[in-house]
Amino acid sequence: MHFYNHKQIEQKWQNFWVEKDVYNVSQSSSSKKKYYILEMFPYPSGKIHMGHVRNYTLGDVLSRYFKSNNYNVLHPMGWDSFGMPAENAAFENKTNPKEWTKKNIRTMRNQLKKIGLAIDWKREISTSSPDYYKHQQQFFIEFFKKGIAYKKDSFVNWDPVDNTVLANEQVVEGKGWRSGAEIEKKKLSQWFLKISDFSEDLLSNLTNLNDWPEKVKFMQKNWIGKSDGAEIFFKIHDKDNTFITVFTTRPETIFGASFIALSFDHPLCEDVLSNDRLKKFKKENKEKIYTTAKTDVEKIGFKTDYMAIHPLNGKKLPIFLANFVLMEYGTGSIFGCPAHDKRDYDFAKKFNLEIKTVFSNPEKKEFFEVNDDEDPVLINSNFLNNKRMSKARKEIISIFNERNIGKKKTIFKLRDWGVSRQRYWGCPIPIIYREDGAILPVSDKELPVMLPDDANFEQKGNPLDLHPTWKYTTCNETGMKAIRETDTLDTFFDSSWYFLRFCDPLNSKTGFSNKSIENWMPVDQYIGGIEHAILHLLYSRFFMRALNKSKYDVPNEPFKSLLTQGMVCHETYKDKDNGWIEPSEVIKKNNKFFLLNGDEVIRGRSEKMSKSKKNIIDPDTIIEEFGADTARLFMMSDSPPERDLEWSDEGIRSVWKYLNKIFLHLKKNQFEFTKEDELDAQTEEHLALVKKAQKLIKSFNNDIENFKFNSAVAKLREFSNFLFSNEKIETRLENYLWSIFLRLIYVFTPHFSEELSKNNNNKSICDLSWPKYNEKYIKEDLIKLVIQINGKKKAIVDVEENLNENEVIKLLKIDNNLNKIFSFKIKKTIFIKNKIINFVL
RNA sequence: GCGCUCGUGCUGAAAUUGGUAAACAGACUGGACUUAAAAUCCAGCGGGAUUCGUCCCUUGUCGGUUCAAGUCCGACCGAGCGCACCA
């Protein structure tokens, strides 16, 4: 007696595939089209979670599909293995980050292999390996030479207790996540990449990314944040040659200006405007001034002793410092036009400032906002009066230019990318500071700059900086003493080019050869979570441009098509004390949920699986109990990829039952794998069934290519249901039909399909080409025509193809059921060939 | 506040892109098999009427375009996500 022993089957074929090296990727294959499929590589945190299983199965289905369809497929895997968790683990467990990371990679690699992914492991990469990061250091040096990498002073989150810099997400309510200390803003000299030089290019090229989700492009557009407007220079009264430059998108409202406001962080606060009264005010109102930006925060203002001079009418305008003016945006200073800007209006009300309308205002409103599409006429605006807003805007800018009191200006929200991290477990920045003050790149021969293995993680602060010897070096040209840069690179730097490395992973001379890039790039299909919509994807796009500007030759856009998959969710459970409970501890009984001890469990809404809420299902347990094929098929069958997937115990069980049922059926009937060319000439019955199978192939292909994996699974179910319910099919034909089925479902269940196809088939199913269909052949003789009355369906009739309206009506008139239509008065007939006929009565 | 996406049975969902709404599954109900349970198999499963042939209604709400709307347009309600004092 056979039974579906998934464990034994999956192990057997995984070994077989490795032995036969079926996933080997050949670099040059001129006869085949290339297809580069990539899922965002994992951080080796310790264990694979369900989100990974979904992500990598999605890519695996596509990779198997395209390979079977005769593409040369690259589907690699690697590790985003630098980053803070390793360092935190080192701190807590007294292990070396390197060892901790290696151990995690080993575990997770084995887990991934158990999922049955079609991956060429010979191409595996790891960003924390010197083989990888030495090329990255080379890139950094090229960027440095080209001025793309530069150093500047910048504010960081400083934890004074742990003596370290914290990332924004490590600052919780203004306090350090580990020390709990009040976080300070500290000025440090840090490395930046000039992404802002590429703002316009990164923005305008979004429109060419046709296969990216609109949502992601929209988010990037907002992030880049382009604003067209003007800068205006305001002279400070009684201060010779001191100007305040403001940025505005509404220069035409200049005659409505009633005050000037500067950020409390504006450089002039430290300079011209500085006095004891201001220092005292800042000290007393520190919290109010620096509350995080929110719309409903109280407007705080400080009136300085100075006035600015309106450049067109010479009016004196009070200069304020205001908390709603942000130093990070524009010039850190504005002119206030209270009649048409809510913030300025609130401020003017509080400080009793003039509110002057400059747009046509028949209703005599004190305040109203104006949109660009309204384009109203200006009033109270001197020579701009009676002009439309759009025209006035152009005119005023040219007047600014003529009189040298301002100029046209476009600004972007996108800031330069700070890549310095005062951390150990990252790629060392290959720079030395010579004792004479020169900042120099490390010479090629000395690359890679390796991390020391003997760092101490028990001290507070950056282990590289505190290392007794590591940072001391000499300049090999002059022999002068020098100190190494002790900052390491942001891990987004590592992940901004890993997809290039996959094209040529074993190249030790350069990060990649031009030929390999030509061969594989761009990535045809990239799959990952929406959480990387901005940073990772934008940095990668920038990185390609930066490489191109240096001496490399890569495509500007790395990812041709992007699929953002949804999260894997599960219900949450709590006990009566509000503590989270794991699903494995919950017992379901008559739609009620209990703990083992009989206490009732409170069910919460379904949320993304997370450790903190304990609503996790462990992939290992699932694969042990049901097998990888079941897990893979379930992940693909319940929801479309972009949407969240609700984990369901019943769902996974039913998939297992389904596979088991087919397995037992085929074994019982001594199924033999059959290909179409082995099939005898067909009878009528043959024809109809073969046609059915070929139609399945066509619609299945269509679903896969459009990522409608759940529909593809439904069609397989439909087909197998049909085969089960039809007992009279001749054996050889039935074998053929089941063989088609196995070859299609193969992309979801490779082990299962391999096991069942193996008798009578010498090739691995991985090497078989995809089943074919013949477009002419699957065409139906009869088509289904819908008969409507007043747009409502009344009947469906099978008719010959391409009948015209009169022929259809003729047929209906001799139909005993339908001819009564013609006893009514027909006002109008709508006829769409091969689809529908609609009688309007 | 601004923007984007989405609202279809008890649940996950499908609908060749304007032309048969609810495919395929899950849960549930009933039946067969069994001493019993599990497993398996069969049937039912949006609402209402029914002479058991069928007929009528139904895609968040209201309106519009159209011979025809789940699909297009407008307003509203609700959910999720993103941005948010961006000058």
Side-chain angles (χ1 to χ4, degrees), chain A residues 213-223 225-227 229-230 246-251 253 261 263 291-300 322-326 328-337 340-344 346-347 411-413 530-531 533-534 588 591 606 634 637-640 642-655 657-658 660-661 664 698-699 702-703 706 708 710-721 724-725 784-796 817 826-832 834-841:
Chain A
E214 287 305 318
K215 187 182 174 154
V216 173
K217 289 193 271 186
F218 187 80
M219 282 163 74
Q220 291 209 354
K221 186 182 166 213
N222 281 345
W223 188 261
K226 181 178 179 177
S227 302
V246 306
F247 175 77
T248 176
T249 52
R250 312 293 290 269
T253 63
S263 162
T291 40
T292 43
K294 278 212 175 113
T295 28
D296 50 0
V297 166
E298 188 197 349
K299 297 271 180 293
I300 302 292
N323 64 336
F324 72 92
V325 182
L326 309 172
E328 303 87 65
Y329 189 74
T331 58
S333 46
I334 61 151
F335 75 78
C337 177
H340 307 291
D341 182 291
K342 188 72 188 14
R343 296 155 303 180
D344 298 348
D346 292 344
F347 195 78
I411 64 163
F412 293 89
K413 262 195 273 181
I530 186 84
E531 66 272 20
I534 296 172
K588 289 177 204 175
N591 256 331
S606 178
F634 169 68
S637 53
D638 253 27
S639 303
E642 326 72 70
R643 236 180 279 182
D644 287 352
L645 175 80
E646 176 65 24
W647 182 266
S648 136
D649 290 344
E650 290 82 10
I652 187 109
R653 210 168 296 131
S654 95
V655 170
K657 283 183 198 168
Y658 176 65
N660 189 52
K661 179 176 161 179
L664 295 183
K698 186 186 175 181
S699 65
N702 194 44
D703 281 348
N706 291 297
K708 287 149 77 174
N710 54 334
S711 286
V713 174
K715 278 161 193 164
L716 292 174
R717 289 263 198 174
E718 231 172 347
F719 188 72
S720 62
N721 286 350
F724 278 126
S725 63
K784 293 196 183 303
L785 191 84
V786 176
I787 317 296
Q788 293 185 338
I789 292 176
N790 290 338
K792 291 200 170 161
K793 182 210 69 167
K794 291 294 155 188
I796 304 162
N817 286 319
I826 295 166
K827 278 196 207 149
K828 198 175 172 186
T829 309
I830 287 100
F831 178 75
I832 316 271
N834 298 332
K835 258 189 177 166
I836 201 157
I837 186 160
N838 183 15
F839 299 99
V840 185
L841 303 181

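In the text below, chain A, chain B and the rest are named by the order of the sequence lines, each starting its count at 1.
- The nucleotide whose nearest atom lies closest to any side-chain atom of A:I830 is, among B:A25, B:G19, B:A13, B:G19.
- Across all strands shown, A:V325 has heavy atoms under 4.0 Å from base atoms, whether or not it also approaches the sugar-phosphate.
- Under 4.0 angstrom from either OP1 or OP2 of B:A14 there lies at least one side-chain N or O belonging to A:N710.
- With both ends at atom P, the span from B:G18 to B:C73 equals 11 Å, rounded to whole Å.
- Considering only the side chain of A:M219, B:G82 comes nearest among B:A87, B:A15, B:G82.
- For A:F324, the ring-ring contact (aromatic ring centres under 6.0 Å, His included) test picks out A:F347, with sequence neighbours left out.
- Heavy atoms of A:D346 sit nowhere under 4.0 angstrom from any nucleic acid atom.
- Minimum heavy-atom separation, A:G332 to A:V325: O-CG1, 3.4 Å.
- Taking the side chain of A:L326 as heavy atoms from C-beta on, and the options B:C85, B:C24, B:A15, the nearest nucleotide is B:C85.
- The CD1-P distance, from A:I534 to B:C81, rounds to 15 Å in whole Å.
- Of the P atoms belonging to B:G63 and B:C52, the separation is 38 Å, rounded to the nearest Å.
- For the OP1/OP2 pair of B:A13 and a distance below 4.0 Å, the side-chain nitrogens and oxygens of A:R643 include at least one atom meeting the criterion.
- Here the side chain of A:D638 is nearest to one of B:A27, B:G12, B:A87, namely B:G12.
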(request) Please assess A:K217 against A:E214 for the test salt bridge (charged side-chain N to carboxylate O under 4.0 Å, His left out), listing each intermediate value before the final yes or no. (result) CA-CA 5 Å; A:K217 289 193 271 186; A:E214 287 305 318; 3.4 Å; yes
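- The side chain of A:A714 lies closest to B:A23 when the candidates are B:A27, B:A23, B:A13.
- In the set B:C83, B:A23, B:G26, B:G26 carries the atom at the smallest distance from any side-chain atom of A:S654.
- Evaluation of atom-type donor-acceptor distances gives no pair under 3.5 Å for the side chain of A:N222 against the base of B:C83.
- Going from atom CD1 of A:I530 over to atom C1' of B:G82 covers 9 Å, rounded to whole Å.
- Backbone-only engagement by A:K661 is indicated by non-hydrogen atom pairs under 4.0 Å involving sugar-phosphate atoms exclusively.
- In the set B:A25, B:U20, B:A14, the nucleotide with an atom closest to the side chain of A:V786 is B:U20.
- As judged by a 4.0 angstrom heavy-atom cut-off over every strand, A:S648 is placed among residues making no nucleic acid contact.
- Taking atom P on both nucleotides, B:A15 is separated from B:U66 by 29 Å, rounded to a whole Å.
- Using a 3.5 Å distance cut-off with no hydrogens or angles, the side chains of A:Y658 and A:S637 do not pair a donor with an acceptor.
- Applying the 90° cutoff around 0 to the glycosidic angle, B:G53 is assigned syn.
- Picking from B:A87, B:A23, B:G19 the nucleotide with the shortest atom distance to the side chain of A:E718 gives B:A23.
- Counting only heavy atoms from C-beta on, A:K299 has its side chain closest to B:C85 among B:C81, B:C67, B:C85.
- Comparing B:G70 with B:U58, their P atoms sit 9 Å apart, to the nearest whole Å.
- Within the model, atoms CD1 of A:I830 and CD1 of A:I837 stand 9.5 Å from one another, a figure rounded to the nearest 0.5 Å.
- Note on A:E718 versus A:K715: no salt bridge recorded, every NZ/NE/NH1/NH2 to OD/OE distance being 4.0 Å or above.
- Each of B:U40, B:A87, B:C24 was ranked by its minimum atom distance to the side chain of A:S227; first place goes to B:A87.
- Taking CG of A:D341 as the reference point, atom CD1 of A:I334 lies at 7.0 Å (rounded to 0.5 Å).
- Between the side chain of A:K715 and the base of B:C24, no donor-acceptor pair of N or O atoms lies under 3.5 Å.
- Going from atom CD of A:E650 over to atom C1' of B:A13 covers 16 Å, rounded to whole Å.
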(message) Output the pairing pattern of RNA chain B as a dot-bracket string, 5' first, Watson-Crick or G-U wobble with both distances under 3.5 Å, | for cross-strand pairs, [ ] for crossing pairs.
(response) (((((((..(((......[....))).(((((.......))))).((((....))))..(((((..]....))))))))))))....
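- Distance NZ (A:K708) to C1' (B:G12): 17 Å, rounded to an integer number of Å.
- Closest non-hydrogen pair, A:V216 versus A:A533, comes out as CG1-O, 3.7 Å.
- We find the CZ-CG distance between A:F831 and A:N838 to be 12.0 Å, quoted to the nearest 0.5 Å.
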